[in-house]
Every structure is written in structure tokens, then in C-alpha cells.
Amino acid sequence: MAQELFERVDRKVGNLLNEVVEGKIGLPDLQRPFVWSDSKVRDLLDSMMKGFPVGYVMLWASPKDYTNTKTIGNNEKQFKRPDDLVIDGQQRLTSLLAAITGTEVRDKNFEKRHIKISFNPLTREFFVWTNATERDFQLISDISKVYAADENHQIGKFRRELFERMNEGRSKKDIALLSYEETDLIESNINLLLDLRNYTIPTLRILADADEEDVAEIFRRVNSGGQKLNENNFIETLLAVYDNDIHDRIMQFCSEGHTPAKGTSYNNVIEADPSHIIRVAVSYGFHRARMKYGYKLLRGIDLDSGTVSEETRVQNLEIFRTALDRVVNLNDWHSFLNLFAKAGYLNKDLIRSEYAVIYSYVLYLIGKYEYNVPQLQLQNAIVRWIFMSTITSFYSGSPESKVERQLADLRQIKTADQYVQYLDDSIKRIMNDSYFSIELIENLNSSSANSPVWYGYIASLNVIGMPMLFSTSTLSSFLVLGADGQKKSIDKHHIFPKKYLEKIGIADDRDRNQMANFTYLDYQTNIDISDDAPALYVGRYKEKFGEEGYKKHCENNALPLGFENMEYAEFLAERRKLMAELIKKAYNKLWE
């Protein structure tokens with residue numbers, strides 16, 4: 001049998017929480033958004049009270065090759081470097097720490113909040129805290145107060161005050177005062193509540209000899225939910241534990257991106273999370289796209305020799321820190337994100353790949369700081385790159401491998417002009433004549449509602465500034481942030497309405513919902529067209545705009561002239577060609 005990479009070190013809840021507070025165990029989830037609902041925390045405590053199993057905790061022994069000089073969290077810790085990192089069970093431990101000690105957690109918007117669980121000392125029931133439980137004289141509104149009283153050797157005083165409050169409430173309600181039996185039961189149940197600290201949680205400790213791939217595989221095989229750990233998880237864990245200053249900067253940047261405010265990272269292109277920022281910093285700082293390399297570097301592993309050292313870790317953390325300075329620079333961040341609008345992608349709903357945002361930002365930073373490309377020249381090149389990479393799904397399917405090759409190619413690039421030429425040549429190789437005349441048309445032959453090609457067509461309309469069908473308003477004017485309010489002022493409409501197609505025998509949604517059968521209409525036009533046959537509603541708009549106006553609307557919206565009288569299959573085939581031509585027109589405009 002192979003040597004075991006783990007050991008059983010079952011711990012009591014109280015000991016686990018004390019070691020987290022002291023810093024002996026690193027619990028990064030205290031810095032991350034807490035995803036459990038308060039009701040799930042309540043159920044966890046209820047299961048423990050009933051003696052049910054509540055899962056396990058998986059720890060990973062810290063590398064022994066170096067010592068740390070940073071602390072975890074906001075307060076000074078007894079242990080400067082944790083002996084173990086929590087790999088699984090983070091949400092359970094965070095829940096217990098928050099409910100029992102009153103420690104704050106962060107919500108999905110990175111705002112700090114308390115998790116309060118109420119307790120009925122007569123029935124041993126737990127409740128999620130509300131204003132009602134706060135006022136209920138029969139309940140302990142926040143169980144952390146019980147544990148605090150016990151820690152401060154004031155549990156006797158806490159019980160007396162509880163009895164007084166309960167009797168006062170009963171008296172007002174004309175309910176009999178607490179009996180001796182009830183006071184004994186309350187004391188017993190409070191002791192049971194305090195005894196939850198002695199609840200044993202099965203704990204698995206993976207030895208320091210295991211590398212991150214071993215840990216990820218162990219996690220996958222042991223975890224009943226089939227979850228996976230990835231390199232981003234490891235990197236974020238290392239930063240949270242070994243350099244909290246860096247981790248806090250990343251968390252603050254991401255937090256500010258969720259709320260519109262001047263001078264923050266908020267934008268309408270992407271809601272950045274820590275994994276995005278880490279990925280950019282590693283790719284830009286180390287020219288390594290594979291996050292497994294990023295993890296090894298930040299753990300202090302020399303990629304050539306495989307040895308771990310404090311010196312290597314310190315050097316690589318400094319490289320990461322310097323890269324992060326530029327990654328979270330608001331001027332660079334917003335200047336880059338504004339380029340998506342120039343590429344026609346006016347909001348995040350049009351962008352199907354976060355990688356297109358993240359890795360385009362890497363190219364922007366490299367061009368600006370490593371090659372000193374003049375700003376206007378760099379912006380134009382990146383706009384073209386955004387347009388290409390988004391519409392072609394360039395970053396789908398092994399994105400790290402693609403970027404790794406790019407970063408390797410750049411080792412041969414020496415000047416700003418060479419850098420821009422490299423990007424432009426890459427774009428032209430992908431979006432060549434064959435792409436527009438064959439591949440793009442084939443990609444448009446789809447009923448996918450979220451196809452990058454469909455959104456690329458919409459982006460193209462925005463680049464050219466085309467008015468919507470049978471309207472004088474441009475589509476882009478309705479896609480900017482805030483234009484829709486609570487009721488959408490534009491609608492995605494079937495050019496050959498679904499009910500009309502059903503009447504003529506085309507009932508399969510895969511046929512009716514073809515991309516080539518869609519266009520955006522303003523709200524009133526959509527209502528007016530409704531389910532009318534194309535020949536019927538086009539006749540009305542020909543009267544309104546005239547024959548030349550009708551032709552112009554067809555041209556602007558990639559519609560074949562006389563489409564209203566075409567067979568449906570013929571219309572789809574012709575429109576795909578025109579949509580491809582319009583996309584090519586927008587592409588060419590970006591080169592002007």
C-alpha cells in the first residue's frame with residue numbers, strides 16, 4: 001500500500017474555533033462572501049443539538065520550508081503562520097464561528113454583517129434572528145450572548161436575567177410564572193447549547209507532502225457533492241492566509257465593483273470576483289496563464305527545480321503585488337472597459353465569455369506597460385481584439401493553453417509596433433475572408449438564444465450605429481445602462497412571427513427561433529407587428545416610410561429586399577449572408 005497522505009485528527013467544535021481565532025488554523029472564508037443562508041446555519045446547529053452528523057472538515061498542513069510574518073484577518077493572532085489551511089468545511093466553520101462568537105461575515109456584495117441565531121431554551125428550537133425573535137421574551141435572541149457570558153464567567157447572571165425577563169413577559173401576558181421544573185429545563189438546555197462546543201467534527205488532515213494536485217483529487221473523491229477545487233481556490237487561500245494585505249486589496253476591489261459609485265471599480269461589463277483579478281495578476285505579472293503555475297509560484301516553488309523556499313516565495317509575492325498595483329488601478333481598469341463599448345458591447349448581457357474580458361485586459365496591460373504602445377494605437381488594437389475574441393469565442397475551449405501560447409509568442413516581440421502588429425496579424429488570421437463567407441454563415445445557422453455570434457451581430461449594429469427596424473432610433477441608445485428601467489423599451493422579435501409560422505405548418509421551435517429570424521424592435525413597433533404575417537405588417541410600414549425608406553431599413557437590418565414574400569427557408573438563408581456582411585462591415589470600420 002502506498003504511503004498515506006492524510007491523517008485523522010478529529011476535533012471538537014470549540015477547539016477548531018479557538019484555533020481559527022488564534023490563527024493556528026487558516027480560514028480564508030472569513031474574507032470571502034459567505035454563501036450560506038441564515039436558515040442553513042440554523043439547521044446546522046439544530047442537527048448538532050440532535051446529535052446528527054454534519055459533515056467533516058478537511059485541513060491541509062502548511063509547507064514546512066518557510067515561516068510567515070503576516071497575520072490573518074483584522075486582529076493580531078497568537079500564531080503568525082497557520083499550521084493548517086481549511087480546504088473543505090469552510091462554510092461550516094465560518095457558520096459556527098459567526099453564530100457562536102458573533103464574528104462578522106461578508107455577504108455576496110462583500111458587505112459585513114452578523115449572523116444571529118435565536119434559541120428557545122424551553123423547546124431547544126433554533127430560529128433565524130428577526131425583529132420578532134428579538135422582542136420575544138421566551139427566546140434568547142442571539143446565542144452568541146450565551147457563549148460570551150460563559151467565556152466571561154457570567155453565565156449565572158445571564159440565567160437570572162433570562163428568568164426575570166421571561167417572568168416579566170409572562171406576567172404581562174397573564175401566563176403562569178416559570179415553575180421549578182421549567183427553570184431546571186432551561187438550565188439544562190442552556191448547558192446543552194454550551195456543550196455544542198464539545199461536538200466532535202470528523203477532521204481529515206492532508207500532510208504537507210501532498211501537492212495541490214493531490215489535494216484537489218482528494219477533495220474531489222471525498223466530497224459527496226462532487227465539487228472540485230481549482231488553482232484559483234488554492235491561490236486565494238494562500239493570499240488570504242499568507243499575505244492578507246494583498247487579499248484585502250483584491251476583496252475591496254471586487255466589493256466596490258458591485259455598487260455604482262464614483263471612484264470605485266463598478267462597471268457594466270463584468271462583475272469582477274477574486275478569481276478574475278488573481279488570473280489577470282498572474283498572467284500579467286508572471287506571463288503564465290495556467291493557474292497551477294501561479295499557485296506554485298506563490299507557494300514559493302521554483303518551477304525549474306521544484307524546490308520550495310522562503311526567498312522564492314517572497315520574490316514571487318512581490319512580483320504579484322507589483323502586478324496587482326496595475327491590475328486594480330482604476331484609471332487603467334475603466335479605460336480598458338470603455339473599449340468594450342467601442343467594440344459594440346455596451347453591457348455585460350452581450351458578452352458570453354468572461355475570459356474575453358479578463359485576458360483582453362492582460363493584453364491591454366502588457367501593451368501599455370511592457371511595450372509602451374501609444375494610448376490611441378493601443379486602444380484601437382484592443383478594440384479590434386475584443387471584437388474578434390468575443391464574436392468568435394476565441395477563449396472557449398482550453399483558454400489557458402491559448403493564452404499560454406500567446407505569452408510565449410510575446411517573448412520574441414521587442415517593440416510597440418511589433419506588439420500591435422502581432423495582435424493585428426492574429427486577428428486577421430482568424431477573421432479572414434473564409435471566416436466571413438463560410439464559417440460565420442454556418443455559425444448563424446442556429447437557434448441558440450445566447451450565441452456569441454448573435455451578440456456579435458448586435459455589437460456590429462452598435463459599431464455602425466444602425467437604427468432599429470422601422471424606427472429612427474439606434475439600437476445602441478436602448479442598450480446603455482439604465483435605458484430600460486423596469487420595463488424593457490425594446491424587444492427581441494420574430495421577423496416571421498411564431499404564430500404565423502405555426503399557421504403555415506412550421507411548429508418546431510428550433511426552426512422558428514433561428515437567429516436569422518430575430519431582430520430588436522422598440523416596444524410600440526413590437527406591439528404593432530404582433531403576430532401579423534410579414535407581408536401584412538411590411539405593407540403598413542412601406543406606406544409610412546415609402547419604398548426608399550423600406551429599402552433603407554432592410555439594408556440597415558440585414559434583411560433581403562422583398563423578404564416579406566419569401567419562403568421562410570429561403571429568407572433564413574439569405575438573411576444569414578446579409579448578417580455576415582453587416583458584421584464584416586463593422587469589422588472593417590474598426591480598422592479605419
Side-chain angles (χ1 to χ4, degrees), residues 11-21 25 27 29-57 73 86 89-152 154-166 169 182 185-201:
R11 309 279 183 88
K12 295 185 182 299
V13 165
N15 293 336
L16 280 170
L17 298 186
N18 286 338
E19 290 180 12
V20 169
V21 171
I25 291 178
L27 181 60
D29 265 18
L30 292 178
Q31 309 294 329
R32 298 169 178 162
F34 181 72
V35 299
W36 273 23
S37 64
D38 288 6
S39 61
K40 196 166 183 178
V41 179
R42 174 204 62 203
D43 292 345
L44 172 66
L45 291 162
D46 183 63
S47 294
M48 292 168 60
M49 179 66 77
K50 292 175 178 175
F52 295 169
V54 295
Y56 64 94
V57 168
V86 181
Q90 293 185 356
Q91 295 284 291
R92 283 187 289 276
L93 281 184
T94 302
S95 298
L96 293 172
L97 190 70
I100 290 175
T101 71
T103 300
E104 291 179 321
V105 298
R106 296 174 186 264
D107 63 18
K108 64 181 181 179
N109 294 319
F110 296 84
E111 296 293 330
K112 291 183 177 181
R113 71 177 184 89
H114 287 282
I115 295 175
K116 295 181 181 180
I117 302 298
S118 303
F119 180 68
N120 188 320
L122 279 170
T123 64
R124 294 207 303 264
E125 291 179 281
F126 291 97
F127 303 91
V128 173
W129 182 94
T130 64
N131 286 329
T133 64
E134 178 71 28
R135 294 190 299 267
D136 193 332
F137 65 87
Q138 301 179 89
L139 302 182
I140 297 170
S141 64
D142 182 355
I143 62 171
S144 68
K145 295 177 181 178
V146 182
Y147 293 99
D150 189 54
E151 289 289 331
N152 295 323
Q154 294 182 332
I155 194 65
K157 178 183 178 184
F158 180 89
R159 289 192 184 99
R160 289 193 298 273
E161 291 176 349
L162 175 64
F163 294 153
E164 290 175 5
R165 181 167 61 85
M166 293 180 74
E182 285 177 319
L185 179 59
I186 290 171
E187 287 208 26
S188 175
N189 288 338
I190 287 177
N191 288 334
L192 288 173
L193 178 64
L194 293 171
D195 281 345
L196 291 183
R197 293 174 299 191
N198 294 320
Y199 181 98
T200 299
I201 292 185

Check your understanding: Looking at Ala99 and Ser144, what are the two nearest heavy atoms and their distance?
Key -> O-CB, 3.4 Å
Point to revise | From CG (Asn189) to CG (Leu194), nearest 0.5 Å | key: 11.0 Å
Check your understanding: Do NZ/NE/NH1/NH2 and the carboxylate oxygens of Glu161 and Lys145 come within less than 4.0 Å?
Key -> no
Review point. How many angstroms lie between CD1 in Ile115 and OG in Ser95, if you round to the nearest 0.5 Å?
Key: 5.5 Å
Practice item. Quick one: closest heavy-atom pair of Thr101 and Thr103, and the distance? Key: OG1-OG1, 2.7 Å
Point to revise | Donor-acceptor contact present, side-chain Arg92 to main-chain Tyr56, <3.5 Å | key: yes
Check your understanding: If we only count heavy atoms from C-beta on, is the Asp142 to Ile117 side-chain gap below 4.5 Å?
Key -> no
Check your understanding: Quick one: does Gln154's side chain have a donor or acceptor within less than 3.5 Å of a partner on Asp150's backbone?
Key -> no
Check your understanding: Is the backbone N or O of Gly102 less than 3.5 Å from a side-chain atom of His114, with the two atoms forming a donor-acceptor pair by type?
Key -> yes
Point to revise | Residue pair Tyr199 / Pro53: nearest heavy atoms and the distance that separates them | key: OH-CA, 3.5 Å
**Study point:** Verdict with reasoning, Glu151 to Arg197, per salt bridge (Lys or Arg N to Asp or Glu O under 4.0 Å)
**Key:** CA-CA 12 Å; Glu151 289 289 331; Arg197 293 174 299 191; 3.4 Å; yes
Check your understanding: Can you check whether Leu122's main-chain N or O pairs, donor with acceptor, with Asn120's side chain at less than 3.5 Å?
Key -> yes
Review point. Does anything in residues 125-148 pair up under ring pair (Phe, Tyr, Trp, His ring centres under 6.0 Å), and if so which pairs, sequence neighbours excluded?
Key: Phe119-Phe126
Check your understanding: Is there a donor-acceptor contact under 3.5 Å from the side chain of Asn191 to the main chain of Glu187?
Key -> yes
Would you mind writing out the side-chain donor-acceptor pairs for residues 44-51 within the sub-3.5 Å range, not counting sequence neighbours?
from	atom 1	to	atom 2	distance (Å)
Asp46	OD2	Lys50	NZ	3.1
Ser47	OG	Asp43	O	3.1

Exercise for review: Applying side-chain contact (heavy atoms from CB on, under 4.5 Å), run through Leu196 and Val13 and close with a yes or a no.
Suggested key: CA-CA 7 Å; Leu196 291 183; Val13 165; over 6 Å; no
Point to revise | Separation of Ile186 CD1 from Ile140 CD1 (nearest 0.5 Å) | key: 8.0 Å
Revision key, fill the gap. Rounded to the nearest 0.5 angstrom, the CG-CG distance for Asp136 and Asn131 is 12.5 Å
**Study point:** Distance (rounded to the nearest 0.5 Å) between Ser141 OG and Arg165 CZ
**Key:** 6.5 Å
Point to revise | SB check Arg113 Asp38 (cutoff 4.0 Å) | key: yes
Check your understanding: Do Arg11 and Glu19 sit within salt-bridge range, that is, some charged N less than 4.0 Å from a carboxylate O?
Key -> yes
Practice item. Taking the side chain as every heavy atom from C-beta outward, state whether Leu162 and Pro121 have any pair of such atoms under 4.5 Å apart. Key: yes
**Study point:** Point-to-point distance, once rounded to the nearest 0.5 Å, from CG of Leu97 to CG of Leu16
**Key:** 10.5 Å
